[in-house]
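Only heavy atoms go into these numbers, but all of them, side chains included; no hydrogens, no water, no symmetry mates. First the proteins, then the strands, lettered A, B, ... as listed; each starts at 1.
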There are 2 protein chains.
Amino acid sequence: MARIKPAKNGTRKDVIIRKASALFRTKGFAATSMRDLAISVGVEAPSLYNHIGSKSELLQDICFKIADEFTSQLEKTENKNASVLSKLEEIIRFHIHVMLEEFDEVFVANHEWKYLQEPHLANFLNQRRSYEKKLVALVETGITTNEFKKSNPYVTVLTILSALRGLEFWLRHKKKFSPKELENEMVDHLLKGMVR
Amino acid sequence: MARIKPAKNGTRKDVIIRKASALFRTKGFAATSMRDLAISVGVEAPSLYNHIGSKSELLQDICFKIADEFTSQLEKTENKNASVLSKLEEIIRFHIHVMLEEFDEVFVANHEWKYLQEPHLANFLNQRRSYEKKLVALVETGITTNEFKKSNPYVTVLTILSALRGLEFWLRHKKKFSPKELENEMVDHLLKGMVR
DNA sequence: CCTACCGATCGGTAGG
DNA sequence: CCTACCGATCGGTAGG
C-alpha cells in the first residue's frame with residue numbers, strides 16, 4: 001500500500017520507461033543492469049518487477065512506441081491533399097521534431113532494437129521496412145510528376161533517413177545553432193537541393 | 001610450439017581482431033563475450049590472452065585503426081592543390097570506400113567507441129572533434145570562394161557525415177544498387193545539390 | 001595451446 | 001516495497 005501514486009510525470013511504469021530510455025541510450029541495452037535502473041528510479045532492483053515483466057519488455061515498449069509514432073504520422077501525411085514535395089518536407093520536419101523531443105527513445109529505437117527478442121525483432125524490422133518502402137514510393141511519385149530530379153529512389157530515401165538519424169549524434173553541438181536553424185538548414189540541404 | 005603461424009590472412013592477432021570486429025558489430029561490444037570470440041576464432045577463451053591484453057584493448061585497436069585512416073586521408077586531401085569542391089568530393093568518396101571495404105570496423109568505431117576506457121575514450125573523441133573541425137573549415141572556405149551556397153557550415157558538415165555514416169545500415173539493400181551507383185548517386189545528392 | 005577455476009555481476013524469483 | 005538468494009555467465013588468471 002506504500003505504492004507511489006501516479007504523479008504529474010505519469011505512472012510509476014512511465015517513470016521506469018523514461019529512466020530506462022536514458023540508460024539504454026548512454027550505456028547501451030546490454031551494458032545496463034537492472035541494478036543501474038533501480039538506482040536511477042530510486043528503488044531496489046527486485047521492486048522493478050512489480051511494474052514491468054522483464055528487461056526485454058522495457059526495450060519492446062520503447063522501440064514500438066517510437067515506431068508507431070513514425071508509422072502513424074506517415075499515414076496521416078500520405079492521405080493529405082498536397083504536393084509530393086510538401087509531403088516529404090513534412091515528414092522530414094516530423095523526424096527532426098521527434099528526435100529533438102524524444103531523444104533517448106528515438107536513439108534506443110534506432111540502435112538497440114537488435115536486442116529485441118523474437119517475434120518482436122521480426123515485427124520491428126517489418127514495420128521499418130514497410131516505412132521505408134512507403135517513402136520510396138513517395139519519391140518515385142515525385143520523380144514521375146517531375147517534382148524531383150531523376151534518381152535511384154532507394155538511395156535518395158536512405159540518404160535522407162541516414163542524415164536524419166544522424167541528428168542523434170549532434171546534440172553535443174547544440175550551442176552552435178538553434179533547433180529552428182538546424183531544421184531549416186537541413187531541410188534546405190536535403191530537399192531543395194534535390195528538387196529540379 | 002603448436003602455434004599457428006601467420007597465414008595469408010595475417011597474424012593470429014589480426015584474425016582475432018577481424019573476428020572481434022564482426023562480433024562487436026552484430027552483437028555489440030558489451031554483449032559479446034570472450035567465449036563467443038573464442039568460438040569464432042576456434043580456440044578456448046583463455047588462449048586468446050596469449051595474443052591480446054584484454055577485451056578492451058581489442059576495441060581500442062579497432063577504433064583507432066579506423067580513426068587514423070580517416071585522419072590521415074583528410075590531411076592528404078587537404079594538402080592537395082585542388083578546388084574545395086573536388087576536395088570535399090574526394091573525402092565523401094573515401095568515406096564510402098572505407099565503409100564498403102571495412103564495414104565491421106567502421107561500424108564498431110562509429111557505435112561502440114563509448115565502451116572505450118579512459119584515456120582512450122577522451123583521445124578518440126578529441127580526434128573525431130578535430131576531424132569535424134577541419135571539415136567545417138573546408139566548407140567555410142568553399143563558402144568564401146563562392147563554390148558553395150551560404151549555409152551554417154556545421155549543419156552542412158554534420159548532414160554529410162550523418163548521411164555517410166548511415167551507409168552502415170544499408171548493406172541489407174545491397175541488391176538494389178551497385179556500389180558505384182550508390183556512390184555516384186549519393187555524391188550527387190549531397191554535393192551537387194549543395195553547390196550554387 | 002589447454003584445463004581448472006576465481007570473484008564479480010547478471011536477470012530474475014520467493015516470500016512476506 | 002524490501003531482504004535474501006538462485007543459477008548462469010562474465011573477464012580474466014594460474015599453471016603447465
Starting at the 5' end of DNA chain C and moving along, which residue's nearest nucleotide shows up first, Ala31(A) or Gly53(A)?
Ala31(A)
Distance, rounded to the nearest Å, where Asp36(B) contributes CG and dT9(D) contributes P:
11 Å
At under 4.0 Å between heavy atoms, what does Ser56(A) touch on the DNA or RNA strands: base, sugar-phosphate, or nothing?
nothing
Let me know the distance between OH of Tyr49(B) and P of dA14(D), rounded to the nearest Å.
13 Å
Could you identify the nucleotide paired to dC5(D), looking across every strand shown and requiring Watson-Crick or G-U wobble geometry with both distances under 3.5 Å?
dG12(C)
So does Arg35(B) get a side-chain nitrogen or oxygen closer than 4.0 Å to the phosphate oxygens (OP1/OP2) of dG12(D)?
no
side-chain hydrogen bond (donor to acceptor under 3.5 Å, both in side chains) evaluation trace for Ser86(A) with Ser83(A)
CA-CA 5 Å; Ser86(A) 68; Ser83(A) 69; 3.1 Å; yes
For the ring pair Phe70(B) and Phe94(B), is the centre-to-centre distance below 6.0 Å?
yes
Is there a continuous path of hydrophobic side-chain contacts, each under 4.5 Å between heavy atoms, that joins Leu158(A) to Val84(A)?
yes
In this structure, how many angstroms lie between the C1' atom of dC1(C) and the CD1 atom of Ile39(B), rounded?
17 Å
Could you state the atom-to-atom distance from CD1 of Ile52(A) to P of dG11(C) in whole Å?
10 Å
Among dC2(C), dG11(D), dG11(C), find the nucleotide with the atom closest to the side chain of Val43(B).
dC2(C)
Among dC1(D), dG12(C), dG11(D), which nucleotide has an atom closest to any side-chain atom of Pro46(A)?
dG12(C)
Whole angstrom value for the distance that separates P of dA4(C) from CD of Glu44(B):
11 Å
Between P on dG11(D) and CG on Leu37(B), what's the gap in Å once rounded to a whole number?
10 Å
Would Phe29(B) and Leu23(A) show up in the same hydrophobic cluster when neighbours are defined by side-chain heavy atoms closer than 4.5 Å?
no
Please state how far atom OH in Tyr115(A) lies from atom P in dC10(C), giving the value in whole angstrom units.
16 Å
Are Val136(B) and Met186(A) grouped together when hydrophobic residues (ILVMFWY) are joined by side-chain heavy atoms under 4.5 angstrom apart?
yes
In this structure, how many angstroms lie between the P atom of dC10(C) and the CZ atom of Phe29(A), rounded?
13 Å
Any Ser33(A) side-chain nitrogen or oxygen under 4.0 Å from OP1 or OP2 of dT9(C)
no
